[in-house]
Amino acid sequence: QVQLVESGGGLVQAGGSLRLSCVGSGRTFSSYAMGWFRQAPGKEREFVAAISWSGGRTYYADSVKGRFTISRDNAKNTVYLQMSSLKPEDTAVYYCGRQGSTGPMTGVPSYDYWGQGTQVTVSS
């Protein structure tokens, strides 16, 4: 059974920064691409960023490009999301997921395991 545990969320003022972490269990963590998604109240879960298994390729939603950075440390079974220049519209629950299929990295159905989520609230 794969477990993903996010941490690092919190309340921050607009313009501030946060770093989210997602620790995965299992010896195969480094074999999978990983992604970050977010879900605001009343909205669908949306893609934020993804990273290939090696960390050599990264992908971002247009809304966060240039402000967020995804990275991973396979030795620690951890993927990170560094968020800077935060805006109130970034407020959401942030989830990390493991891409278990060959579908698009931006699509929710491509991910087979999810963490419980961590709340990020950006005040204006």
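The first residue in the sequence is number 1, and the count goes up from there.
Under a 3.5 Å cut-off, the side chain of Arg67 and the backbone N or O of Ser63 do form a donor-acceptor pair. With hydrogens and angles ignored, the 3.5 Å screen pairs no side-chain donor or acceptor of Thr91 with any backbone N or O of Glu89.
Here disulfide (SG to SG under 2.5 Å) pairs that include residues 69-124, with residues two or more places apart or in two chains, are Cys22-Cys96.
When all heavy atoms of Pro104 and Ser110 are compared, the closest pair comes out as O-OG, 2.8 Å. Contact between Asp112 and Gln99 at its shortest, heavy atoms only, is OD1-C, 4.4 Å. Closest approach of Ser123 and Leu11 over heavy atoms only: CB-CD1, 4.4 Å. A pairwise comparison of heavy atoms in Ala40 and Ala92 identifies N-CB, 3.9 Å as the closest pair. Contact detail for Val122 and Lys87: the closest heavy-atom pair is CB-O, 3.3 Å.
The six-membered or imidazole ring of Trp114 lies near that of Phe37, with a centre-to-centre distance under 6.0 Å.
Note that Arg19 lies in the cation-pi zone of Tyr80, set by a 6.0 Å cut-off to the ring centre and a 45° limit from the axis. The cationic group of Arg45 lies under 6.0 Å from the six-membered ring centre of Tyr95 and within 45° of the ring axis, placing it in a cation-pi geometry. A cation-pi arrangement is not found for Arg38 relative to Phe47, the charged atom failing to lie both closer than 6.0 Å to the ring centre and inside a 45° cone about the ring normal.
Side-chain contact check for Tyr60 versus Val48: every heavy-atom pair is 4.5 Å or farther apart.
A salt bridge links Asp62 to Lys65: one of the charged nitrogens lies within less than 4.0 Å of a carboxylate oxygen.
In Gln3, the CD atom is not crowded: 12 or fewer heavy atoms of neighbouring residues, nucleotides or ligands sit closer than 6.0 Å.
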Check your understanding: Could you go step by step and tell me if Gln119 and Thr121 meet the side-chain hydrogen bond (donor to acceptor under 3.5 Å, both in side chains) rule?
Key -> CA-CA 6 Å; Gln119 176 71 47; Thr121 302; 3.3 Å; yes
